[in-house]
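All remarks here apply to the structure that follows.
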Amino acid sequence: MSEVPKELKLVFDEPKQRVKPPHHFADMSPEERKAKVADLGIPAFRANQMAVHYFTHYNDVPETWTDIPKEMRDSLAKDFMPVLITLVRSVTTDNGKTRKDLWKLHDGVLVESVLMRYSDRTTVCISSQAGCGMNCPFCATGQSGLTRNLTAGEITAQVVAAARACDQGELPGGPTRLSNIVFMGMGEPMANYNAVMRSVRNITAPQPDGLGISARSVTVSTVGLVNGIEKLTQEGIPVTLAVSLHTPDDELRDTLVPINNRFNVREVLEAADKYEAKTGRRYSIEYALIRDINDQSWRADLLGRLLKNRNAHVNLIPLNPTPGSKWTASRPHDEKEFVRILEDYGVPVTVRDTRGREIDGACGQLAAAEIISEV
Ligand code: SAH
């Protein structure tokens, strides 16, 4: 026990009594920001100036905000811009085009985000929770349970940091614009609904109140919490919905995605259909292909029949085995056959690339403890 690295202890030996993360500009709606500014006796236009610094220039260091009087900057820093995430380490691969960042939150909890530059877009994969309570047996994050929900500020901060990295040309290829956000890092977004929605609004609101990224470029991925999908349907923000199905039959899904015992395949797909009907947005079905577990041609056939009349797109993800896992990715010919069967049903299907695999930055591998143990 004496050899437990300090950072690892922070993840697992956290004090039971948590201190709430400091309240941040990005936790508030634009109206709340203005109201708080007014409460502090500061003119309302200062809220707008702060928004421009934070969401247009990705600048969260008030002492550099030269359009604001110096004395006022200190109080704005304290009341609106507390430091929420601190970079512990970045690891890169793909000649620097994929970068995984490990962040420490105010209470020592660790989360990760992954930034990926492609020829036509730059995507950041962000965490919505530290850990995850959904317990899917093939996912690294699921293995250690839920530590805590992230706040909207902490989620937004990952996006702002990624936007800044793009803007400042930190990725090879020169400065670029962050174009896509996927909630596919650690955590189940629908289990932290309000904070996730506040951060989605921060991402999609036009400048200066938000980053001005289009909702269709934001993907919210869920295990299939039907109540969450239903709420999202009512929001009127047409983000891309991704449902982690992983198998078309309840028998196996009860094990692969344990929440299926509460919301089964039929209920999840019906909720996704309603989302599609309301928003007009095609949804994604995420399917990790696991050798001899869910990759049989009869399952592809069942999936094809389930989806052929739905406005859905299948994203096949070759399994990234977690350490010690008895499962592995499908054989290439089984994967091909799976794709062929779905295509025969006219179901659009893509096989996801495995960006970030070497740095444990690929889907389902984001588990802070793992990274730390590599140091
Ligand atoms: N809780 C959300 C986000 C999780 S991560 C959800 O379940 O959708 C995003 C995707 O990666 C999910 O589809 C998840 O099932 C998948 N995933 C998790 N572990 C994986 C692994 N080891 N290999 C491949 N995909 C995995």
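Start at 1 and go down the list; that is how both ligands and their atoms are numbered.
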Next on the checklist: Ring of Tyr193, cation from Lys231 - is the NZ or CZ under 6.0 Å from the centre and inside 45° of the axis?
Outcome noted: yes

Checklist entry - Got a salt bridge between Asp250 and Arg253, using NZ or NE/NH1/NH2 to carboxylate O under 4.0 Å? => result no

Item to check | Asp67 versus His53, side-chain donor and acceptor atoms under 3.5 Å | outcome: yes

Checklist entry - Which one holds for Leu319 and ligand 1: side chain close, backbone close, both close, or neither close, with close meaning a heavy atom under 4.0 Å? => result both

Item to check | Proximal candidate to atom 3 (C) of ligand 1 [heavy atom criterion; set Ala191, Gly187, Cys132, Ser244] | outcome: Gly187

Checklist entry - Just going by heavy-atom distances, which of Cys139, Gly142, Gly185, Pro137 is nearest to atom 4 (C) of ligand 1? => result Gly185

Next on the checklist: Within ligand 1, which atoms have a heavy atom of Glu286 less than 4.0 Å away?
Outcome noted: 13 (O)

Checklist outcome for this item: Note: ligand 1 atoms sitting under 4.0 Å from heavy atoms of His246 are 13 (O), 14 (C), 15 (O)

Checklist entry - Is Val243 touching ligand 1 with its side chain, its backbone, both, or neither, if touching means heavy atoms under 4.0 Å apart? => result neither

Item to check | Sub-3.5 Å N/O-N/O distance, Asn320 and ligand 1 | outcome: yes

Item to check | Output field: ring centroids Phe80/Tyr54 closer than 6.0 Å | outcome: no

Checklist entry - Hey, what's the ring geometry for Trp327 with Phe138, parallel, tilted or perpendicular (30° and 60° as the breaks)? => result tilted

Checklist entry - So does Glu31 pair up with Lys34, basic N to acidic O under 4.0 Å? => result no

